[in-house]
Amino acid sequence: MPYTDPQLVHTLQVILEFLGTFAFAISGIRHAAQKHFDWFGGYVCGFAVAIGGGTIRDTMLGVRPFWMTDIMYVLCTALALLLVILSRKWIRRLRNAWFVFDTLGLALFTIAGIQKTIALGHPFWVAVIMGCITGVAGGVIRDVLLNNVPVIFHKEIYAMASVAGGLLYWVLLALGLPLPLTVVVTFLTICIIRFIAVGYHISLPTLHGENEKKREKRH
Amino acid sequence: MPYTDPQLVHTLQVILEFLGTFAFAISGIRHAAQKHFDWFGGYVCGFAVAIGGGTIRDTMLGVRPFWMTDIMYVLCTALALLLVILSRKWIRRLRNAWFVFDTLGLALFTIAGIQKTIALGHPFWVAVIMGCITGVAGGVIRDVLLNNVPVIFHKEIYAMASVAGGLLYWVLLALGLPLPLTVVVTFLTICIIRFIAVGYHISLPTLHGENEKKREKRH
Amino acid sequence: MPYTDPQLVHTLQVILEFLGTFAFAISGIRHAAQKHFDWFGGYVCGFAVAIGGGTIRDTMLGVRPFWMTDIMYVLCTALALLLVILSRKWIRRLRNAWFVFDTLGLALFTIAGIQKTIALGHPFWVAVIMGCITGVAGGVIRDVLLNNVPVIFHKEIYAMASVAGGLLYWVLLALGLPLPLTVVVTFLTICIIRFIAVGYHISLPTLHGENEKKREKRH
């Protein structure tokens, strides 16, 4: 099976990780630009999205944050900032590409988070949570820094795609599927859930305050 | 003395921890509901209140976050979310119960934080701070995620009940009181301070900006 | 050379650290006062500015947070709170002193962060980031707690003075300068950049949203 060739898998993973990191950084910088942050603020927001989730995960797992051993993440964010400064038009025109790369990043980082947590000997339910944190916590930090309500708490399904992928990964391995197949199926499932959620504007149900009249219909 | 019977103490502690965790999770989800978060956002806010303080404490103490070894906290938050989704009326009607359980949680988590810090060999003043962080930092994370100003910084006395309890715990042990009695007295003191503060709307004095006229009277 | 006398260097460092910590705490409490936080909220904001950056650094480096081994930081923040409560007039009159002390703190904490990171065996680019985090992250936490957009992301150059100092430190050591001279030159450079930036209102360029018309002139 071609997807088990180690060289190909490694190359693919490096490309995916670069694209995902780049798209995450772009997301942070674009949001910062809408609030008129300066270049430094844009860089910090981009870096926070790119490395925030994995850093929280590694801190809770008690290991060295992953970005401290590879300058790639620092440079990738700098490249993203340069691109946003040089060409807003280009950034806007490529917004569908950013969306696709961002989804690839979500799927990849979720799986990376799960695998790292399992490798350190934690139970699977911890791994599902850590996978979700790896994929989505950076965006929450971005929104906190921008003084916004975190978008993943009230928009289209995003974090639940990560959680669903994590649960599927668990089930597939428990059913005895080989690891490479489990990874590929999980990866595609997360991407497909996200694409469908955005394409059809599918959100989770919303909570309501206790003193509001019933008005579920309007939401 | 009955309160030193190990079996009873353990059972009581498990019940109190469940009630406290449940009340903390309910608090996060209710606040999320007022901002129309979706189910995932409500879960995250509830979980953040339930485990946020202890997680910050454990990260600073350099030990594994407590919730990663017991799935109870994850399930307890899910139960709280289910309850909020199924019956807003019931949640509102029981608000006095949530207040009492929340206060029990504050007292219990404060003492748990102090004892864990002392057990790891830190001085007592660090333990008082860690006890306070264990009891109140989850609520601060909730307010940050909700894009609100943290309520404990300008409402009725909450964190100071935890700090006062921590200082009392220190004094009582220094005076040679047995540990069980110290725990019980501290627990009750924190609860009583909180009940009095809310019953009589007692707050700490407020700070004022430098360019404001004197108007302490109106506050 | 007088600046290499160990006793003098140590005394100078203790004085600078106290002044810097005090100015950082004052900054947090003054901002909290403008939002009418109570005394506890003011203390937490002051403490967050004083120890927040170093605590994030130490957590990522996997070592015990520095303030947990020395009660000075807790007492220094209490002193700052007392001063703000007792005399708003005095606080306002001394605002130039706070600005100078804050700048000394920024320079000192940046260098302390770099040296601690290098001592733990990390590469220099990690040290520059950790130096910047040590110097500026406390102020970001303050702004998040106050529900403000972090001021260092859109005001006069602050964090970039820290980054520039960190890069200079790296270059000077690589060029073979002795450590004491490197420290002094870096310290003065950070202070001078900050003084010039505030004196002449020099900011980094601002990012712009993608749907805005060009209006760089007005910024």
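All heavy atoms count here, side chains included; hydrogens, waters and symmetry mates do not. Residue numbers begin at 1 in each chain, while the letters A, B, ... track the order of the sequences.
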So [Y] and [X], do their side chains get closer than 4.5 Å, heavy atoms only?
| X | Y | value |
| --- | --- | --- |
| A:Trp39 | C:Ser203 | no |
| A:Ile85 | C:Leu207 | yes |
| C:Thr206 | A:Phe37 | no |
| C:His154 | A:Lys35 | no |

Item to check | Heavy-atom donor-acceptor pair, A:Arg64 side chain to C:Leu61 backbone, under 3.5 Å | outcome: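 A pair under 3.5 Å: no.
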Next on the checklist: Donor-acceptor pair, distance only, cut-off 3.5 Å: does the side chain of A:Asn147 make one with the backbone of C:Asn147?
Outcome noted: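 Yes; at least one donor-acceptor contact below 3.5 Å.
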Can you name the closest pair of heavy atoms from [X] and [Y] and give their distance?
| X | Y | answer |
| --- | --- | --- |
| C:Met60 | A:Thr55 | SD-CG2, 3.6 Å |
| C:Met160 | A:Phe40 | SD-CD1, 3.8 Å |
| A:Gly41 | C:Phe153 | CA-CD2, 3.4 Å |
| C:Gly209 | A:Arg88 | O-NH1, 2.5 Å |

Next on the checklist: Please rank C:Asn148, C:Ile129, C:Val140 by heavy-atom pairs under 4.5 Å with chain A and give me the top one.
Outcome noted: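 Of the candidates given, the most pairs with chain A belong to C:Asn148.
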Item to check | C:His208 and A:His36 aromatic ring geometry - parallel, tilted or perpendicular at 30°/60° bounds | outcome: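 Correct class here is perpendicular.
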Next on the checklist: As an exercise: rank A:Leu146, A:Leu81, A:Val44 by heavy-atom pairs under 4.5 Å with chain C and give me the winner.
Outcome noted: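 Of A:Leu146, A:Leu81, A:Val44, A:Val44 has the most heavy-atom pairs under 4.5 Å with chain C.
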Checklist entry - Based on non-hydrogen pairs under 4.5 Å, which of A:Lys89, A:His31, A:Arg92 is most in contact with chain C? => result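 Top count of heavy-atom pairs under 4.5 Å with chain C: A:Arg92.
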Item to check | Contact class of C:Val149 relative to chain A, heavy atoms under 4.5 angstrom | outcome: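 C:Val149 touches chain A through backbone and side-chain heavy atoms alike.
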Next on the checklist: Please classify the contact between A:Leu145 and chain C as side chain, backbone, both or neither, with a heavy-atom cut-off of under 4.5 Å.
Outcome noted: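 Contact with chain C: backbone and side chain both.
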Checklist entry - Of the backbone (N, CA, C, O) and the side chain (C-beta and beyond), which part of A:Val74 lies under 4.5 Å from a heavy atom of chain C, both, or neither? => result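 The answer is the side chain of A:Val74.
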Checklist entry - Rounded to the nearest 0.5 Å, how far apart are CH2 of C:Trp125 and CG of A:Leu75? => result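 Spacing of CH2 (C:Trp125) from CG (A:Leu75) equals 8.0 Å.
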